[in-house]
Amino acid sequence: MFETLRKFFKFCDEENRKKFKGSIIVGIFNSLFMALRIGAVAVMLRGVIATAIDGAPFETNTIWLSFAIMCVSIIGGIITRKVTSMWQCEGGYRTCAKKRIEIAEHLRYLPMGYFNENSLGEITSVTTNTMEALGDVATRAVMMVFQGLLDTSLIIVMLFFFDWRIALVALASFGLFEFVNLFMRLAVKNISSDKIRDDAAEIGKVLEYIQGIAEVKAYNLVGKRRKELDTVIDRRKKTLVKMEMRCIPVSNIQSLVAKLSGVAMMITSLSFYLGGTMTLADCSTMLVCSFMLFNALEAGGNYSALLRVIDLSVEKANKILALPTMKIAGKEITPKSHDIVANNIDFAYDKKKIIDGVSLSIPEHTTTAIVGPSGGGKTTFCHLLARFWDVDSGKVTLDKTDVREYSMDNLMQNYSFVFQNVYLFHDTIANNIRFGEPDAPMERVIAAAKKACCHEFISALPNGYDTVIGEGGASLSGGERQRISIARAIMKDSPIIILDEATANVDPENERDLMTAISELTKEKTVIMIAHRLKTVRNADNIVVIDKGRIVEHGKHEELVALGGIYAKFIDSRKEAVSWKL
């Protein structure tokens, strides 16, 4: 338990760690105030018994003294309980809010390969289920278990001032309770990892099902996909039920031990009184204490089964935060030119070589088109130029400076991207356009939209630029999403533009507007484009053909056609596709 507490505190940032430590200190006072009730009961019982048995006059001061002690206990308990609860809640929720942000920031600087290896469900589970468990359940479980131990310990200490024999009985009962509680924690030790695993699997499968629902319906795979989803949900249900079924028997035994401990205190107190070794007043006080002693401990003990889940949740979050990031610290450099050079670069993914000894010079203010067979390494090469990954050997330079020497944020200021699959956020169109500059005025947003040829269709929407679009831009057509993406890139106004199949999925009606938008975006820029359309490629300053991770051809359109190689075959196939008619 104390190891979990230590691990949880270490997980918290310094500010919130102070709140938790402060809540423990205040919790000690709360326990002291709770223990004072024994004193209030003892004062009143001694006064009443002395009057009933000895015939002594009942003093009013006894009532007032007992009342005063009880008032101090109740008022002090309320205040300290409020303070501890507030500090614990603030500490828990703020810690998890900061950790979510920290994880998001950390993910920004991981190599892109991490997101290929790991499912979206795993990442989503950490930032939702895991953080929710730590913010809510963990705070409550850790602090209630600790408070239960603290309350019980102080009451047992208080009992030593009345009768050391009863205190020893309480102490032995406390030890037996903790022994049973240990079995509860062991009972869920292994299954806790199953719960964490199934949480992530369920989220991943739900996301996969929703994101791929169009394909599932189109290929009539609803039953199959639904069966997979049902299987994952059913497995998680069984894990949760199994966890509860393991806890319930031990929890009942634990509760029985707590109740029998109270009975043992009663029987022992009565036997001492009947044996003449304990006064009636002390015996009566001990009988009352037997009901008070294990209430807090029992409440905290029921939460102790969650300690293993908390351990795993902290480990899971720390596992992501411990992933080695790319070197993000570097120099704040303002390049004088935007010449890009790849010098004999290699890159492998999962031991499979994707880029093999590629060298290429891209002068600023030129357009470089990259073509080649599918899976040849075109997109990976562009990602290496922009340092989405680090090369395994060789180097990529921007203005003769290795891109790894730039700070990551500083480097990204030089690049704008328009991808084939555009992602728009569940927000207004205006905020999606000004995504890179949240404080940009509306005039600049509209100007960028006009250059990207999307002002007209945006203005026709019910709320214009304030129209909230669905997550991923689901409420817009492919061409409209592309043009908003280009408007976003125009707003950023970076000197280097990377276009990854930006026109691949656009219908003929939108293509003219899209090409006009791209023309506005790429004016006086260094342009690197991956494209398969002849009209997009043929006017490039340099055409690079990549196949199996190598540059096999490069030059201008006419030169490559004359070679009769891969590019010439590519052109022939495109001409045949264009001339084909019904």
Side-chain angles (χ1 to χ4, degrees), residues 108 112 115 211 214 367-370 378-379 382-383 385-386 388 412-461 463-533 535-537:
R108 285 179 58 200
M112 290 296 289
F115 301 99
Q211 291 174 338
T367 297
T368 300
I370 299 176
K378 302 184 297 297
T379 298
C382 288
H383 285 173
L385 295 181
F388 278 22
M412 285 299 106
Q413 290 173 5
N414 296 286
Y415 293 87
S416 288
F417 304 88
V418 179
F419 298 108
Q420 177 182 355
N421 298 316
V422 176
Y423 190 89
L424 300 179
F425 296 89
H426 182 65
D427 204 339
T428 64
I429 289 178
N431 285 341
N432 268 281
I433 293 175
R434 61 159 71 98
F435 184 72
E437 293 186 58
D439 299 323
M442 198 63 198
E443 293 78 13
R444 286 190 59 201
V445 173
I446 294 174
K450 285 180 177 178
K451 288 181 179 179
C453 300
C454 53
H455 174 71
E456 186 176 342
F457 85 77
I458 293 173
S459 300
L461 294 172
N463 296 312
Y465 284 85
D466 292 325
T467 301
V468 176
I469 56 180
E471 186 176 349
S475 55
L476 300 176
S477 71
E480 290 169 343
R481 289 198 299 271
Q482 285 285 9
R483 278 180 276 162
I484 288 177
S485 174
I486 291 171
R488 180 192 289 170
I490 290 173
M491 277 284 292
K492 190 178 181 186
D493 195 27
S494 298
I496 302 169
I497 309 295
I498 295 181
L499 305 171
D500 188 353
E501 299 278 15
T503 63
N505 297 324
V506 179
D507 52 82
E509 291 79 7
N510 282 315
E511 186 174 6
R512 180 178 58 83
D513 288 339
L514 191 57
M515 295 305 296
T516 302
I518 289 175
S519 178
E520 284 291 333
L521 171 64
T522 57
K523 280 182 179 177
E524 298 181 0
K525 308 286 187 182
T526 302
V527 181
I528 304 165
M529 63 169 71
I530 299 173
H532 286 146
R533 298 198 179 196
K535 64 177 69 176
T536 308
V537 173

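Since this is a predicted model, take the numbers as computed values, not measurements.
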TODO: With sequence neighbours left out, write down each residue that passes side chain to side chain contact (heavy atoms under 4.5 Å, CB included) with D427, or none if nothing qualifies.
DONE: N431, N432
Open item on the list: Ignoring hydrogens, what is the shortest heavy-atom contact between I528 and C382? Give both atom names and the distance.
Closed with: CG2-SG, 3.9 Å
Task: ring-ring contact (aromatic ring centres under 6.0 Å, His included) contacts touching residues 435-456 (sequence neighbours left out) - done: F425-F435, H455-Y465
- [ ] With sequence neighbours left out, write down each residue that passes side chain to side chain contact (heavy atoms under 4.5 Å, CB included) with S416, or none if nothing qualifies.
- [x] A489, K492, S494, I497
Task: Separation of I433 CD1 from M491 CE (nearest 0.5 Å) - done: 8.0 Å
TODO: Could you grab the distance from atom CD1 of I429 to atom CG of L461, nearest 0.5 Å is fine?
DONE: 5.0 Å
Task: Residues that N463 engages under side chain to side chain contact (heavy atoms under 4.5 Å, CB included), provided they are two or more places apart - done: D466, T467
TODO: Check whether any side-chain heavy atom of I484 lies under 4.5 Å from a side-chain heavy atom of F457, and answer yes or no.
DONE: yes
- [ ] Could you pull out the closest heavy-atom pair between I469 and H426, with the gap in Å?
- [x] O-ND1, 3.1 Å
Open item on the list: Within this structure, what is the CG-NE2 distance for the pair L385 and H383, rounded to the nearest 0.5 Å?
Closed with: 10.0 Å
TODO: With sequence neighbours excluded, tell me which residues meet side chain to side chain contact (heavy atoms under 4.5 Å, CB included) with P438.
DONE: none
TODO: List the atom of A449, the atom of I458, and the distance in Å for their closest heavy-atom pair.
DONE: CB-CD1, 4.3 Å
Task: Atom pair CE/CZ of M412 and F417 - distance to nearest 0.5 Å - done: 5.0 Å
Open item on the list: Tell me every residue that passes salt bridge (charged side-chain N to carboxylate O under 4.0 Å, His left out) with K451, counting only those two or more places apart in sequence or in another chain.
Closed with: none
- [ ] State whether the side chain of R434 and the backbone N or O of A440 hold a donor-acceptor pair below 3.5 Å, judged by distance alone.
- [x] yes
Task: Nearest-0.5 Å distance, NZ of residue K525 to OH of residue Y415 - done: 14.0 Å
